[in-house]
Number of protein chains: 2
Amino acid sequence: MQPPPATTRADAVFTHLRQRIVEGQVATNTKLSEPELAKEYEISRSTLRDALSRLEGCGLLERKANIGYRVVTLSTSQLLELFRVRESLEGMACRLAAENMTPAQLMELKDLLAQHQKNESLQQGQAYFQQEGDLDFHFLIVLGSANKMLIRLLCEELYYLVRMYRYQFGMASSRAKRAFSEHHNIIQAIEDKDGELAEILMRRHISASRKNVEKRMNTL
Amino acid sequence: MQPPPATTRADAVFTHLRQRIVEGQVATNTKLSEPELAKEYEISRSTLRDALSRLEGCGLLERKANIGYRVVTLSTSQLLELFRVRESLEGMACRLAAENMTPAQLMELKDLLAQHQKNESLQQGQAYFQQEGDLDFHFLIVLGSANKMLIRLLCEELYYLVRMYRYQFGMASSRAKRAFSEHHNIIQAIEDKDGELAEILMRRHISASRKNVEKRMNTL
DNA sequence: AACCCAAAAATTGTCGACAATAGGCGTGTT
DNA sequence: AACACGCCTATTGTCGACAATTTTTGGGTT
């Protein structure tokens, strides 16, 4: 079930660079020098460019003709834009998950929630794990939608951006407790096969996150 | 306001190939031979690969390591998946358009509708123009959302797929008249700055299209 | 000192060739 | 005849070098 261990050099560099960018080891808005990066990875520029073009496809890099690649900038306004996109897409994903999720997938989802509850009762301050766990939760629901296009858009494109924002803005969630209970209600709606409600709850869940960020932004 | 006339060779080939694929001149599910295509366009494989990787980013090509690029297959199930994605994304875009559209953009949108009305009253059977016109309508609304991420997802990725399906499945719309009136109501909601209603109407509009396709599929 | 212009340096775009992998073909065995 | 194995061919992955464009640098003028 693991992703195959990078059959090609470009693939390995792609994966590695993606992690570096997401974790902020390559600062946002940095212009990438192809000769420099190629030398660093000890590959040719062709191979590197292959990797870079894929990163562009993930929305992590931007490219201008005759100028080069640049790491995307994470502005607060774009973060809010991302929330809007997630609200709509994940809302739909949740509706479809309620209709299409297999019992095995649902069980996995409930296990994850139970695990979160344990973790939460053990340690309150582990914002990092909670955040990754939150993303796992959303991930499983998207997979449950059984809509390949939705899965590709969210899991292979937008979620890397989401992780990038979380790493760099590090929003320790004061919302953790409430978010957990929202997760619980969402699962209940899915279990009841109530797609309409599931969508509404997911949209509110993400919208509440967005408003939380907006509020935090305004106080700065 | 035109897109700049393809600064680079790869860009020109990208644009040209994209049109060929969208219009079905390169059949779906075709495996692309890099040497062959490079020879046809009289460019090197490197340049071609640059163009191909961008087409992959548009969702028009799929790539497997050590095997190559292949034109995506358009199945009816994937068409229905695409409708679901559009329903959620364009619903959100329409809500945001109601909030953010500039008066100039709104006027442009109303002009487009008026033009459609003239065309429709003149010639009924011009399904092709009606379809492109329909896409223009949706296009303008997405632009009005003022959400760059939404605009990129819809206008630079999904709409090429939409056009591809329309070319190949050629669904002459028996829904044209109703769709037109739905467009009218959507504009009204936007003009009233009623984002909530605008979203609902757009979702219904796309959902109705989806159901129309589903119905047609079942009769085959 | 600020500005503009030209030459130089560096970077991206493009090319053709070699290496590694996948697919097809023929042979041999059961 | 069907299947398995190994070779051969074709395609993709990777490389280094050249061409075109951009950026920097330096000098000259106002």
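All chains are named by letter (A, B, ...) in the order of the sequence lines, taking the proteins before the strands, and each is independently numbered beginning at 1. Since the structure is predicted, the reported quantities are computational estimates derived from the model, not experimental observations.
B/Thr47 comes within contact range of the sugar-phosphate backbone alone, with a heavy-atom separation under 4.0 Å but no base atom that close. In this structure, A/Leu32 reaches the sugar-phosphate backbone alone: every heavy-atom distance under 4.0 Å involves primed, P, OP1 or OP2 atoms, never a base.
Note that the first and last nucleotides of DNA chain D, 5' to 3', having any atom under 4.0 angstrom from a heavy atom of chain A are D/dG13 to D/dT23.
Straight-line distance from the CD1 atom of B/Ile67 to the P atom of C/dT21: 14 Å, rounded to whole Å. Atom NZ in B/Lys64 sits roughly 19 Å away from atom P in C/dT21 (whole-Å rounding). Rounded to whole Å, the distance from CD on B/Glu34 to C1' on C/dA22 is 14 Å. Regarding A/Arg45, its CZ atom lies at a distance of 7 Å from the P atom of C/dT12, rounded to whole Å.
With rounding to the nearest 0.5 angstrom, the CE atom of B/Met101 is 8.0 Å from the CD1 atom of B/Ile187.
Partners of A/Phe137 by ring-ring contact (aromatic ring centres under 6.0 Å, His included), not counting sequence neighbours, listed by chain and number: A/His183. When the ring-ring contact (aromatic ring centres under 6.0 Å, His included) test is applied to A/Tyr41, the partners found at least two apart in sequence or on another chain are A/His16.
B/Cys94 pairs in a side chain to side chain contact (heavy atoms under 4.5 Å, CB included) with only one of the listed residues (B/Val142, B/Ile186, B/Leu89), which is B/Ile186.
Counting only distance, with no hydrogens or angles, the side chain of A/Arg63 and the backbone of A/Tyr69 share no donor-acceptor pair below 3.5 Å.
Of the two residues contacting DNA chain D, namely B/Tyr69 and A/Ser46, the nearest-nucleotide position lying further toward the 5' end is that of B/Tyr69.
Using a cutoff of 4.0 Å between basic side-chain nitrogens and carboxylate oxygens, A/Glu81 and B/Lys148 are not scored as salt-bridged.
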